[in-house]
Amino acid sequence: MTKSEVIKILNEIGLLLELKGENFFKSRAYYDAANKLEVIQEDIQTLVSENRLGSIKGFGKALTSKITELVTTGELEYYTKLKETVPKGLVSMLRISGLGPKKIMTIYKSLGVNTIEELKEACENNKLLDLPRFSKKTQDKILEGIKNYNEYSEKFHYPIGEVLSSELLKYIRESGIVQRCEVAGSLRRKKEVLKDIDLLVSSDEPDKVMDLFTSHYYVKEITGKGETKSSVVLQNGMNADIRVVSDSQFPYALHHFTGSKEHNTALRHLAKKQGIKMNEYGLFKDDELIVCHNEKDIFNVFGMEFIPPELRENYGELEAAENKELPVLVTNEDVRGVFHTHTNYSDGNATIEQLVIDCMNRGYSYLGITDHSKTAIYAGGLTEEDIKRQHEEIDLLNEKYHDFKILKGIESDILPDGSLDYDERILQSFDFIIGSVHSAFKMEQKKMTDRVIKAISNPYMSILGHPTGRLLLSREGYKIDIEQIIEVCIENGIVIEINANPYRLDLDWRHMKNAKEKGCKFVISPDAHSIKEFDYMRYGINVARKGWLEKSDIINTLNKDEIVKYFL
DNA sequence: GCCGTTTTCGGCCCGACTGTTTTCAGTCG
């Protein structure tokens, strides 16, 4: 059984225990264990076979023996039995807003309702009104929750949150009734997909801020409105929350509402050990406020370096900050050039020269051209004649713009058998080659892994393009042993692409830290099909930062001379 | 279910909002 399957089961046990009304801390032990496993990079089979699981904090006797059973036999008797005691539909009901374990169990026990459809029917027939602590209002809220679940259970791509939040921020700031106003939550942590928008405001007139926020024309529905906190649903179905605090409380609140939940819990735990109480309003030692003017001061109290929001996922940032070992994260300004660009030779819409001029305007000093290869007929893949013509044009443009360097590349399909497009004579003519899988996605994992390993063992390959092929919120990546692929890339000196297209962001940032520690090199690529898509670069930077990457981990931070030396 | 430089038992992060109540339970982040 793989690690991700174990994680899934541990989380589900947590949910089932919550439904059964077990001690909350018991289910939390399962969630915590699942979270820990996600961060641990070591192979779970090894941990189990070498009996080392029990020495990790959070894994006691019970969890160790259960996980061992899961990993070695693929099954867990405790889990199987537990599942039998709770109807399957109850777990999915937990995802309806306003419904928690207690209400779900009350409804199930009194009415026998155990699917969302039955619940809807029960509400429509006023069946819930007789239950204790249920009223018409409760019932209506549940119906609303079901409706929202069906309509808006989806998440949103980062750029949508970016656009909406900046408009809301501008609107609130310009009102003149707030002192500070910032984005918090997953948006500030630059998560690749978002559930909601969190805004934090400091103001002496919180009630006015609430009225202002809830009356913005983006707001479709107000789902909560109190003295310091309001929640709304925006026109596109996205939730947005706002919190108002006093200006002196702002730094503590900003940290609190930036999260992640896991980061906060871990830091509060540390605080408590030092006798410090921590909440959104301050840090308190013996009820005495420890004054902090900004987030840097807060981390300082714990002897830590400032932790950039992108790193606050409890992936080891607290320990690193204590030891003053946080990475100096890569920035937009570090980038010196881009690779992976399509022109009007294949499915891009700009000429090479237009792309070059735009790159120069952005301050870049080199550009790697990579149109599709001949197998990609759907995308206008280049024939041998096209390539010859394109190389001649590039030579002319390199003479014309002598301060700039255009590199000749291709995005070659990795064919189902793992070979690249074109024969050796053609492959030799490129300065670099990106290999990407664009077809036969449905292979089983072993076959897909072997296919890609064959490609990255090809001496002409330079960069592995979008390594899992995922499309965020619409397509899972193909099944591939990404850890093994990373190892082979390192062995063969293949650079791994961080595809900056906000619908891809592939490689996933969760793999980067470990890969970097093993010596992997990356390139952040816009995969641009137009001039405008060079803007995607900043989304790639966002996730590279989440993956703990520094300038030196990323080859397109090299200057023009260095990159020429790297590839030619 | 986990954990321990006060503890092998009794804690486990903390507070806002809603709705059903008249002091609090449930849910959420």
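FYI, side chains are in, hydrogens and waters are out, and symmetry mates aren't considered; it's all heavy atoms of this structure. Letters go in sequence order (proteins before strands), and every chain restarts at 1.
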Donor-acceptor pair, Tyr536(A) side chain versus Pro502(A) backbone, under 3.5 Å?
no
Test: Arg312(A) and Glu262(A) ion pair at under 4.0 Å:
no
Determine the contact category for Ile96(A): base if any of its heavy atoms lies under 4.0 Å from a base atom, sugar-phosphate if only primed atoms, P, OP1 or OP2 are that close, otherwise nothing.
sugar-phosphate
Heavy atoms under 4.0 Å, any strand shown: does Arg28(A) hit a base, just sugar-phosphate, or nothing?
base
Please determine if a side-chain N or O atom of Thr228(A) lies less than 4.0 Å away from the OP1 or OP2 oxygen of dC17(B).
yes
Under 4.0 Å, counting only non-hydrogen atoms across every strand here, what does Leu267(A) touch: a base, just sugar-phosphate, or nothing?
nothing
Nearest-0.5 Å distance that lies between atom CD in Gln45(A) and atom OG1 in Thr72(A):
9.0 Å
Inter-nucleotide P distance (dG11(B), dC17(B)), Å rounded:
29 Å
Determine the interatomic distance between P on dG1(B) and the same-named atom on dT6(B); round to the nearest Å.
28 Å
Atom NZ of Lys61(A) and atom P of dC2(B): how far apart are they, to the nearest Å?
10 Å
Distance check, P atoms only: dC9(B) and dC14(B), in whole angstrom units.
24 Å
Give a yes or no on whether the ring-centroid distance for His263(A) and Tyr315(A) is below 6.0 angstrom.
no
Glu77(A)/Lys81(A) salt bridge by N-O under 4.0 Å criterion:
yes
Ignoring the backbone of Arg243(A), work out which of dC3(B), dA16(B), dC2(B) is nearest its side chain.
dA16(B)
Ionic contact status for Glu182(A) with Arg188(A), cut-off 4.0 Å:
no
Does dC3(B) have a Watson-Crick or wobble mate here (both distances under 3.5 Å), and if so which one?
dG10(B)
Distance check needed: dC2(B) P versus Tyr30(A) OH, whole Å only.
7 Å
Whole-Å distance, Leu10(A) CG to dG1(B) C1', equals 12 Å
Which of the following nucleotides, dG19(B), dC12(B), dG29(B), is nearest to the side chain of Lys141(A)?
dG19(B)
Which is more 5' along DNA chain B, the nucleotide nearest Lys66(A) or the one nearest Lys102(A)? Just name the residue.
Lys66(A)
Calculate, to the nearest 0.5 Å, the distance between atoms CD and CD belonging to Glu118(A) and Glu121(A) respectively.
7.5 Å
Taking the P atom in each of dG26(B) and dT21(B), what is the distance between them to the nearest angstrom?
12 Å
How close or far is atom P of dG26(B) from atom CG of Leu99(A), stated in whole angstroms?
13 Å
Sugar-phosphate only, base, or nothing, as touched by Glu227(A) at under 4.0 Å among non-hydrogen atoms
sugar-phosphate
To the nearest Å, give me how far apart NZ (Lys229(A)) and C1' (dG15(B)) are.
9 Å
Please report, rounded to the nearest Å, how far the C1' atom of dT21(B) is from the CZ atom of Arg133(A).
6 Å
Taking the C1' atom in each of dT8(B) and dC12(B), what is the distance between them to the nearest angstrom?
15 Å
To the nearest angstrom, how far is Leu94(A) atom CG from dG29(B) atom P?
13 Å
Between residues 277-290 of chain A and DNA chain B, which residues have a heavy-atom gap below 4.0 Å?
Lys277(A), Met278(A), Asn279(A), Glu280(A), Tyr281(A)
Strictly below 4.0 Å: does Lys272(A) bring a side-chain N or O up to OP1 or OP2 of dC14(B)?
yes
How long is the line joining CD of Gln274(A) and P of dT5(B), in whole Å?
14 Å
Taking Glu50(A) first and then Arg52(A), would you say they form a salt bridge - that is, a charged N and a carboxylate O separated by under 4.0 Å?
yes
Nucleotide N/O to protein N/O under 3.5 Å, stretch nucleotides 6-10 of chain B:
none

Could a donor-acceptor pair under 3.5 angstrom be found where the side chain of Asn23(A) meets the base of dG1(B)?
yes
In plain terms, say whether Asp32(A) and Lys36(A) are close enough for a salt bridge, that is, a side-chain N and a carboxylate O under 4.0 Å apart.
no
Just call it for Ser97(A): base, sugar-phosphate, or nothing, with non-hydrogen atoms closer than 4.0 Å on any strand.
sugar-phosphate
Answer yes when Asp247(A) and Arg180(A) have at least one side-chain N-carboxylate O distance shorter than 4.0 Å, and no when they do not.
yes
dG10(B) and dA16(B), which share atom name C1', separated by this distance in whole Å:
28 Å
At under 4.0 Å between heavy atoms, what does Phe24(A) touch on the DNA or RNA strands: base, sugar-phosphate, or nothing?
nothing
Hey, is Asp211(A) close enough to Lys225(A) for a salt bridge, meaning N to O under 4.0 Å?
yes
Do the side-chain N or O atoms of Lys26(A) get closer than 4.0 angstrom to the phosphate oxygens (OP1, OP2) of dG1(B)?
yes
Which comes earlier along DNA chain B counting from the 5' end, the contact point of Asp198(A) or that of Ser230(A), where each point is its nearest nucleotide?
Ser230(A)
Note, Leu129(A) side chain near Gln139(A) side chain (heavy atom, < 4.5 Å)
yes
